[in-house]
Amino acid sequence: MPELPEVETTRRKIEPLLRGRVIERVLHDAPHKYRDTALAEGRRVTGLSRRGKYLLLHLAAGEAAEATGGEHDLELIVHLGMTGGFRLTRGPHTRVSFELSGGEALHFDDPRRFGKVAVVRRGEYASMPTLAAMGPEPLSDDFGEAAFAELAARCGPVKPWLLSQKPVSGVGNIYADESLWLARLHPAQTRLTEGEAARLYHALRGVMAEAVERGGSSLGTGAGNYRQHDGEPGGFQHAHRVYGKAGEPCARCGTPIQKVVLGQRGTHFCPQCQPLRDPT
DNA sequence: CCGTGTGCCTGAAAGC
DNA sequence: TGCTTTCAGGCACACG
């Protein structure tokens, strides 16, 4: 469930806790899921970045970091999966603990264990194919309208295509549904016209920007409820127009929102204002 | 290369 | 009420 806005919010919140600290020990009991974490021990966190839904901790040798002002040669990659998040205290769902210089610790909690952690050499993402093939950041200048429209003209069903992370990075189930509603596109539409692609491009940018600004979406009441380490929920769930709104009236036309399964994902849309156009 | 199907994983919600 | 079943879903991987 954490998508780009939730990961970006996480990055901003934990950066002050990590920047400049040395990771003294990394504790977990699942070496296949959390790979090469011992390489992080003794290294200093010089910064945190994000690519799509991946969080990247920049790691430099403790002394080199001070000498060079932050050149890093390793990266600790975190994917939050469905239910991953950071906490200040250990809990029943803590999967990885980071012991930091200064005596503090940060814990990676992940009830459903879909999250991943790995240490790699800087920029070497061969072991993470989705990250290696990641499309442009939706809020960056690298995400161009013309290039997006060109790809969209040849796309298959548009929602699964968005979820592939290739045309644009960081879009998950919630923000795909919300963006398609805003763009008035049926989730199964193929081969978008130039006008349709333009609507979707601007919808994606608008939805992502607003969601980041509001600190992401917090849903549900249980362990899947996405919150930050300080317990603060995001606020974008109040702006959802279709996700989780099956049976409720569409905010544009009043038609009940429909929920179907598309590409094995729950998919919410308005059958009135998001009609499936005949293939051209 | 591409679309499709399956497994991973466990708490919450729904069903009986 | 208490047990069982279903559902949620990002991503890696196998398949045709």
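Below, chains carry the letters A, B, ... as their sequence lines are ordered, and counting in each starts from 1.
The interatomic distance linking A:Asp109 (CG) with B:dT10 (C1') rounds to 14 Å, in whole Å. Atom-to-atom, CG of A:Asn173 to C1' of C:dG10 comes out at 10 Å; the value is rounded to the nearest Å. A straight line from CZ of A:Arg191 to C1' of B:dC2 spans 14 Å, rounded to a whole angstrom. Taking atom NZ of residue A:Lys33 and atom C1' of nucleotide B:dC8, one finds them 6 Å apart after rounding to whole Å. Protein atom CZ of A:Arg265 is 16 Å distant from nucleotide atom P of B:dG7, rounded to whole Å. Whole-Å rounding puts the A:Tyr243 OH to C:dA8 P distance at 8 Å. The nearest whole Å value for the distance from the NE2 atom in A:His93 to the P atom in B:dT10 is 10 Å. A:Tyr54 has its OH atom 7 Å from the C1' atom of C:dC11, to the nearest Å.
Ranking C:dC11, C:dG9, B:dT10 by closeness to the A:Lys53 side chain, first place goes to C:dC11.
In this model, the phosphate group of C:dA8 is approached by a side-chain N or O of A:Lys259 to a distance below 4.0 Å at OP1 or OP2. A:His79 has no side-chain polar atom (N or O) that falls below the 4.0 Å cut-off from OP1 or OP2 of C:dG10. The phosphate of C:dG10 (OP1 or OP2) has no side-chain N or O of A:Lys116 nearer than 4.0 angstrom.
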Please tabulate, for side-chain N and O atoms in residues 140-157 of chain A, each donor-acceptor pair with protein atoms closer than 3.5 Å (sequence neighbours left out).
unit_1	atom_1	unit_2	atom_2	d
A:Ser140	OG	A:Glu137	O	3.0
A:Ser140	OG	A:Asp142	N	3.1
A:Glu145	OE1	A:His202	NE2	3.1

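Between A:Arg241 and A:Asp177 there is no salt bridge, since none of the side-chain N atoms of the basic residue sits less than 4.0 Å from a carboxylate O of the acidic one. Taking 4.0 Å as the cut-off between side-chain N and carboxylate O, A:Asp73 and A:Arg43 count as a salt-bridged pair. Look at A:Lys53 and A:Glu6 and you find no salt bridge, because none of the NZ, NE, NH1 or NH2 atoms lies under 4.0 Å from a carboxylate O.
A:Gly266 comes within 4.0 angstrom of sugar-phosphate atoms only, judged by non-hydrogen atoms across all strands, and of no base. Residue contacts shown for A:Gln264 include a base, since a base heavy atom lies under 4.0 Å away. No contact: A:Lys166 has no heavy atom under 4.0 Å from any strand.
Between A:Arg95 and A:Cys155, the residue whose closest nucleotide on DNA chain B is further toward the 5' end is A:Cys155.
When hydrophobic residues (I, L, V, M, F, W, Y) are linked wherever their side-chain heavy atoms come within less than 4.5 Å, the members clustered with A:Leu56 are A:Tyr54, A:Ile77, A:Val120, A:Tyr125, A:Met128, A:Leu131, A:Met134.
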